[in-house]
Q: 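Below are the structure tokens for one structure; questions will follow.
All heavy atoms count here, side chains included; hydrogens, waters and symmetry mates do not. A, B, ... follow the sequence lines: proteins, then strands. Residue 1 opens every chain.
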Amino acid sequence: MAGSRRRALSMQRPERLTPRALLQERGVDLRDVVAVRAGGRVVDLHTPVDPGVELEPIRAADPAALAVLRHSAAHVMADVVQRLYPGTQVTIGPAIDSGFYYDFDRPDGAFTERDLARIEKEMRALVKRDVPFVREEVDRDRARELFAGMGERYKVEILESIPAGEAISLYRHGAPESKAGTWVDLCEGPHVPSTRFLGAVKLTSVAGAYWRGDERRPMLQRIYGTAFPTEEALAEHLARLEEAQRRDHRKLGKELELFLFHEWAPAMPFFLPRGAHVYHSLIDWIRGLYRQHGYAEVITPQIFDRRLFATSGHLENYRENMYLPTTGDAIDAARGRLDAALAAPDEPALRERAARVLLERDHPAFEQLAQKPMNCPSHCLLFAHRRRSYRELPWRVADFGRLHRYERGGVVHGLARVRSFCQDDAHIFCTPEQIADEVRAFDELLFGVYRAFGFDRVAVKLALRPEQRVGTDELWDRAEQVLEQVLTETGVPFEKLPGEGAFYGPKLEFHVTDAIGRSWQLGTIQLDYALPERFGLEYVGTDGAAHRPVMLHRAILGSVERFLGIYLEHVAGKLPVWLAPEQARIVTVSEKHAEYAALARDELVARGLRVGLDAGADKLGAKIREARLARLPYLAVVGDDEVRDGTLTPRAREEGDLPAMTRAAFAELLLTQAEPPRPAPRP
RNA sequence: GCCGAUUUAGCUCAGUGGUAGAGCAGCGGUUUCGUAAACCGCAGGUCUGGGGUUCAAAUCCCCAAAUCGGCUCCA
């Protein structure tokens with residue numbers, strides 16, 4: 001066994017030294033060395049390594065140091081928590097992208113903001129004392145005895161899940177001479193040499209989290225925090241968080257009067273005129289691209305007989321996310337039958353029927369209808385409505401239909417996750433031979449669209465078959481293969497996500513990185529052999545025989561709602577001229593200039609521009625402030641000079657003051673920028 | 001759905017058991033002004049909804065809803 005041989009080797013070779021000793025020999029300054037990279041692994045300075053292994057110090061400023069530092073901060077936090085709140089058990093506490101967390105099982109309730117402040121204070125004190133971290137390898141039985149003795153049930157469970165033969169390591173920190181003693185955790189490491197390296201720690205929030213992420217297991221208390229080598233780095237991080245808060249699309253949506261929510265339609269956005277304008281502009285732009293790329297747009301119903309979704313498999317596989325509406329008539333009829341049955345309680349047959357009405361799900365009045373959560377099934381009906389020829393393929397059907405999906409209360413979030421939305425959805429019906437070309441063409445179109453919006457970093461993921469799925473394994477094999485092949489051919493780097501595919505087919509996911517470094521999934525293309533099968537779709541091939549088409553589900557923006565939210569945050573509410581609901585506003589210096597300002601506004605509006613007018617009694621400064629807060633691309637000042645010369649003095653959102661220009665020149669300036677972008681080919 | 005928090009005027013928020021407040025926005029008036037907030041006044045509230053405790057509830061307790069941060073799930 002590898003583990004025991006490693007131990008045996010180390011016994012034979014007592015010359016194994018610690019990286020600290022080895023680096024000191026080489027005269028390396030160790031003051032800011034957090035850990036070392038030793039033959040591809042990150043290890044502590046005090047963990048002996050095999051002689052001759054390549055050592056590369058990781059210094060505090062190195063990005064790789066952050067994870068080590070934060071994981072150590074999690075230990076310090078757990079130590080403090082267990083001292084302050086006796087009886088609390090520890091579970092796991094990893095470093096994450098933005099910091100770290102530790103999950104606790106605390107018998108006497110949840111942690112409050114106040115608790116966080118208290119814990120943070122104690123952590124700082126411990127950091128200041130600069131106590132060392134020490135690693136110790138022990139055998140499994142000793143570790144079990146240790147944690148069982150401390151009553152740490154979760155640690156014992158983790159211990160049991162460590163594969164036999166793997167080394168069991170403990171980490172201690174603390175001052176044995178002090179009253180607090182040392183604190184020990186079952187941990188793989190590595191850790192910083194001593195608490196001094198945790199330059200700046202901050203606890204950020206508390207949350208519930210299931211043990212091992214499983215909603216059937218106990219709910220634990222998770223404390224989130226973050227740590228940086230210096231106070232400056234922490235301050236920078238907090239500033240970034242504030243920036244994200246400033247850009248929050250929910251806040252911008254309210255401030256810029258784009259959309260709102262109401263508790264009578266939870267998680268279903270209402271778009272105000274300005275928001276609706278942006279929304280429609282996005283759709284119109286995509287529509288224009290469709291015309292160039294051989295798509296045909298269709299309109300399909302909202303509500304269907306249940307048989308549509310029984311055929312597609314949605315009622316079986318997607319039921320928990322579906323709205324199953326009914327009609328007043330159906331309810332009244334059911335109620336009538338129920339009343340009649342209850343009025344004749346001596347009739348066993350009627351009583352039985354009443355019982356069935358009460359059971360609702362057995363009664364035909366319920367679940368007769370289904371609100372569509374996806375467009376694909378109705379597109380299958382369109383395909384099937386007459387005989388199709390191979391000459392018609394690929395048939396690309398686009399649909400901006402409104403979709404409704406019931407999402408659990410805790411998961412909805414602004415525009416990012418809603419219950420009513422539309423996608424830039426299209427389905428491509430094609431022959432198996434056409435798949436690769438279609439995926440390639442889509443890929444090209446998608447990258448062009450993202451670049452047009454300023455999303456330059458795109459990550460591609462290949463989501464493979466999930467557990468709950470329709471279709472045979474052979475179909476899945478073929479589908480997964482073809483997607484992987486196209487990606488490999490086009491040379492797009494990608495990551496595989498096992499188990500993440502849709503229930504009807506594997507998919508490519510396209511994730512963009514926004515202006516402040518966050519990643520969002522937007523587009524997707526999904527391969528589907530199953531739906532054509534279920535709907536019995538066929539086309540006549542060159543051979544005169546019937547063949548089954550393949551279906552590709554694809555979207556570039558994803559949901560228009562979600563895209564709008566992400567894009568608003570990407571541009572911090574500063575919509576470009578082509579999308580801005582109000583492209584410019586004429587503001588007057590005083591009310592004397594109102595007449596000329598109205599004339600200028602009318603002229604611009606007549607040229608198709610979206611121009612507002614502020615001729616009110618406020619001072620110029622106030623009007624400018626208001627226009628700036630509304631993030632208007634341009635304002636144009638009108639005072640005595642402009643009225644005299646027949647000009648406007650524009651002020652641009654980005655460039656600031658511009659020289660006075662004629663009204664026609666200003667119109668030209670706006671018109672050139674009002675042109676929607678053209679998706680550029682990949683460089 | 002689960003854990004925790006929040007909900008007071010259109011918006012942002014103060015008010016912790018004893019007569020509901022501020023700023024901004026709105027409306028009216030005064031001012032007619034040159035690049036991020038003129039001045040004065042007026043109006044605006046079943047304190048999210050329902051139930052309870054109390055002489056008395058925005059405030060304490062219970063139930064529900066919505067929202068926020070997470071978990072789980074996803075476009």
Q: For B:C11 and B:C73, measure between their P atoms and round to the nearest Å.
A: 35 Å
Q: Under 4.0 Å from OP1 or OP2 of B:G69: is there any side-chain N or O of A:H413 that close?
A: yes
Q: Determine the contact category for A:N321: base if any of its heavy atoms lies under 4.0 Å from a base atom, sugar-phosphate if only primed atoms, P, OP1 or OP2 are that close, otherwise nothing.
A: nothing
Q: Restricting to nitrogen or oxygen on both sides, can you table the protein-nucleotides 5-14 of chain B pairs closer than 3.5 Å?
A:
from: B:U12; atom 1: OP1; to: A:K254; atom 2: NZ; distance (Å): 3.0

Q: Verify the stacking flag for A:F421 against B:A75: centroid separation must be under 5.5 angstrom and the ring planes must differ by under 30 degrees.
A: yes
Q: Hey, does A:T649 reach any base, or is it just sugar-phosphate, or nothing, if we go heavy atoms under 4.0 Å?
A: base
Q: Do A:E297 and A:F400 have side chains that approach each other closer than 4.5 Å (heavy atoms only, starting at C-beta)?
A: yes
Q: Under 6.0 Å between the ring centres of A:F270 and A:F259?
A: no
Q: Does B:C33 have its OP1 or OP2 closer than 4.0 Å to a side-chain nitrogen or oxygen of A:K592?
A: yes
Q: In this structure, which stretches of RNA chain B are paired as stems of three or more consecutive Watson-Crick or G-U pairs, both distances less than 3.5 Å?
A: B:1-7 with B:65-71, B:10-13 with B:21-24, B:26-30 with B:38-42, B:48-52 with B:60-64
Q: Give a yes or no on whether a salt bridge exists between A:R396 and A:E438, defined as a side-chain N under 4.0 angstrom from a carboxylate O.
A: yes
Q: Check this for me: does the side-chain of A:R562 come within 3.5 Å of the base of B:A75 through a donor and an acceptor?
A: no
Q: Answer with yes or no whether A:R417 presents, from its side chain, a donor or acceptor under 3.5 Å of a partner atom in the base of B:C73.
A: yes
Q: Roughly how many Å is it from CD in A:E654 to P in B:A36, rounded to a whole number?
A: 17 Å
Q: Would you say a side-chain N or O of A:Y224 is under 4.0 Å from OP1 or OP2 of B:C3?
A: no
Q: Looking at A:E157 and A:R153, is there a salt bridge between them, counting it only when a charged N and a carboxylate O are closer than 4.0 Å?
A: no
Q: Take atom C1' in B:A56 and the same atom in B:C60, then report the distance between them in whole Å.
A: 13 Å
Q: Between A:R250 and B:U67, does any side-chain N or O lie under 4.0 Å from OP1 or OP2?
A: no
Q: Can you find a donor-acceptor pair, distance only, under 3.5 Å between A:R408 side chain and B:U72 base?
A: yes
Q: So, using salt bridge (Lys or Arg N to Asp or Glu O under 4.0 Å) as the criterion, who are the partners of A:D528 when residues are at least two apart?
A: none
Q: Quick check on RNA chain B: between A:L635 and A:Q221, whose nearest nucleotide comes earlier from the 5' end?
A: A:Q221
Q: Atom OH of A:Y101 and atom C1' of B:G69: how far apart are they, to the nearest Å?
A: 15 Å
Q: Quick one: are A:F104 and A:V206 in side-chain contact, heavy atoms under 4.5 Å?
A: no
Q: Over all strands shown, is A:D640 touching base, sugar-phosphate only, or nothing at heavy-atom distances under 4.0 angstrom?
A: base
Q: For the side chain of A:E407 and the base of B:A75, is some donor closer than 3.5 Å to an acceptor across the two?
A: yes
Q: Measuring to OP1 and OP2 of B:A75, would you say a side-chain N or O of A:K507 lies under 4.0 angstrom away?
A: yes
Q: Base, sugar-phosphate or nothing for A:E591? Non-hydrogen atoms, less than 4.0 Å.
A: base
Q: Given the structure, check if the side chain of A:Y210 and the base of B:G1 hold any donor-acceptor pair shorter than 3.5 Å.
A: yes
Q: Within the 4.0 Å heavy-atom criterion, would you say A:R651 contacts the bases, only the backbone, or no part of the nucleic acid?
A: base
Q: Heavy atoms only, 4.0 Å cut-off, all strands: where does A:G639 land among base, sugar-phosphate and nothing?
A: base
Q: Can you check whether A:F510 reaches A:L446 side chain to side chain, under 4.5 Å on heavy atoms?
A: yes
Q: Would you say the ring centers of A:F111 and A:Y85 fall short of 6.0 Å from each other?
A: yes
Q: Taking the same atom, P, in B:U48 and in B:C42, what whole-Å distance lies between them?
A: 27 Å
Q: In a check of side chain to side chain donor-acceptor pair (under 3.5 Å) between A:Y154 and each of A:T91, A:D103, A:D105, which one passes?
A: A:D105
Q: Measure from the side-chain heavy atoms of A:P266 and tell me the nearest of B:U67, B:A38, B:G1.
A: B:U67
Q: Return the value, rounded to whole Å, for the distance between atom CH2 of A:W264 and atom C1' of B:G49.
A: 11 Å
Q: Is there a donor and acceptor pair closer than 3.5 Å between the side chain of A:E642 and the base of B:G34?
A: yes
